[in-house]
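A quick write-up on the structure given underneath.
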Amino acid sequence: MPLCNMKSLLKEAEQKKKAVGAFNVGNMEMIIAVVKAAEDLNFPVIMQVAEKRLTHSPLDLMGPMMVNAAKRAKVDIAVHFDHGVSFENIQKALDCGFTSVMFDGSLYALEENIKKTSEVVSMASKYGADVEGEIGVVGGNEGGNVNHTICYTDPTDALTFSKRAKLTALAIAIGNAHGNYTVAPDLRFDILEKTAKLVDLPIVLHGGTGLTEEDFKTAIRLGIRKVNIATSCYDALTASAQSYFIKDGHHDFFGLNEAMIEGFYEKVKQHIHIFND
Ligand code: 13P
């Protein structure tokens with residue numbers, strides 16, 4: 001069954017010194033596009049939805065669609081709950097059959113982050129699901145109006161956190177931010193390198209939109225094993241829908257549906273190529 005755990009995908013990525021693309025989805029067209037891109041290129045992926053997006057993409061509708069799409073895929077796909085902050089929603093994602101969840105305790109002090117993340121690890125373990133935690137604050141915001149100020153990860157805190165919270169994967173902050181960057185990010189690859197040497201866990205890079213191919217390759221060389229991509233795929237879908245409407249001739253939902261899938265699919269493919277090059 002190609003619905004799989006995130007842990008196995010990240011382990012394989014570590015062996016190959018590559019990264020798994022983790023693509024945020026918000027509707028059926030995006031799900032279809034991610035699965036098709038992964039199948040066409042024959043690479044595993046992680047499909048995820050962020051808690052902040054549930055107002056547009058309710059979990060009780062999105063969850064079963066994501067899990068069923070992964071189950072019938074021809075390649076391995078892990079289904080992940082991104083940036084969970086409420087235990088209630090994390091529980092719902094686990095009940096839906098998500099194979100991993102993120103608890104984003106990055107705004108808490110270290111001890112509180114360890115405590116709360118450990119509670120999520122114990123919830124997830126009942127389902128055999130994996131947990132991603134975060135230390136340091138990624139800039140911007142995964143939906144909503146708050147624009148978080150970047151707080152670079154302290155590698156020593158990352159070590160303490162990873163040892164005590166019993167995580168599967170660790171998201172760190174090296175100057176990356178969610179959404180389109182208004183100015184080029186100041187990526188602190190030295191922090192990534194130090195953290196990757198200290199911490200015996202797959203490391204996750206959030207805020208993939210706007211990073212260059214060179215940035216991704218450096219990050220992967222230094223130990224990034226999961227890269228989160230949302231905004232650039234959403235933007236590609238929107239641009240593709242706009243182009244469809246600009247074209248002469250008849251327009252209908254079915255044409256729009258195909259245009260949305262095509263735009264998202266091409267952007268996912270582009271990233272899978274970079275992460276596995
Ligand atoms: P972007 O929207 O910047 O690609 O970030 C995605 C992300 O990190 C989801 O958690």
Side-chain angles (χ1 to χ4, degrees), residues 6 10 19-27 30-31 33-34 37 45-54 56-57 59 62 66 78-86 89-90 93 98 100-107 130-151 153 167-187 192 202-213 215-216 219-220 224-239 263-264 266-272 274-275:
M6 182 170 79
L10 298 182
V20 185
F23 300 98
N24 287 69
V25 292
N27 66 10
M30 299 185 198
I31 294 174
V34 171
V45 290
I46 296 163
M47 182 156 54
Q48 56 190 20
V49 64
E51 183 170 318
K52 276 273 165 53
R53 300 294 181 194
L54 298 185
H56 289 92
S57 314
L59 190 55
M62 280 300 288
M66 291 165 73
V79 175
H80 178 73
F81 191 56
D82 188 31
H83 287 287
V85 285
S86 115
N89 281 326
I90 288 173
F98 281 42
S100 58
V101 293
M102 174 185 189
F103 178 69
D104 182 352
S106 59
L107 296 178
D130 303 321
V131 177
E132 174 184 333
E134 180 171 320
I135 186 101
V137 181
V138 172
N141 192 11
E142 179 59 50
N145 306 321
V146 190
N147 198 0
H148 297 304
T149 308
I150 292 166
C151 173
T153 298
L167 301 165
T168 302
L170 176 68
I172 64 168
I174 58 165
N176 45 322
H178 294 112
N180 287 303
Y181 293 92
T182 44
V183 288
D186 177 19
L187 294 179
L192 166 58
I203 306 210
V204 183
L205 183 68
H206 282 245
T209 296
L211 301 186
T212 64
E213 188 166 341
D215 289 333
F216 287 130
I220 293 166
I224 290 294
R225 298 291 164 245
K226 171 178 183 257
V227 183
N228 285 12
I229 306 282
T231 310
S232 65
C233 291
Y234 300 151
D235 290 350
L237 176 148
T238 309
F264 208 87
E266 287 299 338
K267 192 52 87 177
V268 170
K269 251 181 35 172
Q270 185 187 329
H271 283 101
I272 295 177
I274 295 173
F275 303 155

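When a ligand or atom number is given, it counts from 1 through the structure's own listing order.
The one candidate from K52, H206, E51 that meets the side-chain hydrogen bond (donor to acceptor under 3.5 Å, both in side chains) condition with H83 is H206.
At a heavy-atom cutoff of 4.0 Å, ligand 1 is surrounded by N24, D82, H83, E142, A177, H178, G179, H206, G207, G208, T209, N228, I229, A230, T231.
Remark: the backbone N or O of Q48 is not paired with any side-chain donor or acceptor of D82 at under 3.5 angstrom.
Residues forming a salt bridge (Lys or Arg N to Asp or Glu O under 4.0 Å) with E213 (at least two apart in sequence, or on another chain): K217. When the side chain to side chain contact (heavy atoms under 4.5 Å, CB included) test is applied to N180, the partners found at least two apart in sequence or on another chain are T209, T231, D235. Under the ring-ring contact (aromatic ring centres under 6.0 Å, His included) criterion, H80 pairs with no residue, sequence neighbours left out.
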**Study point:** Worked verdict on S232 versus H271 for side-chain contact (heavy atoms from CB on, under 4.5 Å)
**Key:** CA-CA 10 Å; S232 65; H271 283 101; 3.6 Å; yes
